[in-house]
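Below you'll find the structure, written out as structure tokens, and then a few comments.
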Amino acid sequence: SLPTDEDRAKKKMISDIESFVDSQLSDLNKQASSESNPSRLNELMRKIRSFHHILAELAEAAFEYLRNLWLRMVHGLTV
């Protein structure tokens, strides 16, 4: 069976989150590379680690989504 509107919406949400996080990480990395205040640098690093955690969760969610789509489309299983 073909992907549903819900499947496409999930894929779009994952893509949107990934784009947002990538953009935020890029900005934070630029700020951190020129920061000389240790307190501010520590805060930037905390935010960077937080976004890396979000990306790891997103990767897991994307994998689960693809696995479920594969099971449904290739094997005809409802998950």
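These numbers come from the heavy atoms of this one structure, side chains and all, not from hydrogens, waters or symmetry mates. Note that the structure is predicted; figures quoted are calculated from it, not measured.
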CA sep, side-chain torsions, deciding dist, call: Asp16, Met13, side-chain contact (heavy atoms from CB on, under 4.5 Å): CA-CA 5 Å; Asp16 288 349; Met13 284 187 281; 5.6 Å; no

Identified side-chain contact (heavy atoms from CB on, under 4.5 Å) partner of Leu41 from the options Arg46, Gln31, Glu35: Glu35

For Ile14 against Ala62, the heavy-atom pair lying closest together: CD1-CA, 3.9 Å

Close side-chain approach of Phe51 to Ile54, heavy-atom, < 4.5 Å: yes

Side chain Ser26, main chain Ser23, donor-acceptor under 3.5 Å: no

His53 atom NE2: more than 12 heavy-atom contacts under 6.0 Å: no

Heavy-atom side-chain proximity of Arg72 to Asn68 below 4.5 angstrom: no

Distance-only donor-acceptor check, side chains Thr4 and Asp7, under 3.5 Å: yes

Approximate separation, where rounding is to 0.5 Å, of Asp22 CG and Asp27 CG: 11.0 Å

Gln24 CD to Asn29 CG distance, which is reported to the nearest 0.5 Å: 11.5 Å

Under-4.0 Å salt bridge between Arg67 and Glu64: yes

Common cluster, Leu69/Phe63, ILVMFWY with side-chain heavy-atom separation under 4.5 Å: no

Tyr65 OH to Lys10 NZ distance, which is reported to the nearest 0.5 Å: 7.5 Å

Distance in Å, His52 NE2 paired with Leu28 CG, rounded so as to fall on 0.5 Å steps: 9.0 Å

Backbone N/O of Pro38 and side chain of Asn42: donor-acceptor pair under 3.5 Å: no

Point-to-point distance, once rounded to the nearest 0.5 Å, from CZ of Arg8 to OG of Ser15: 15.0 Å

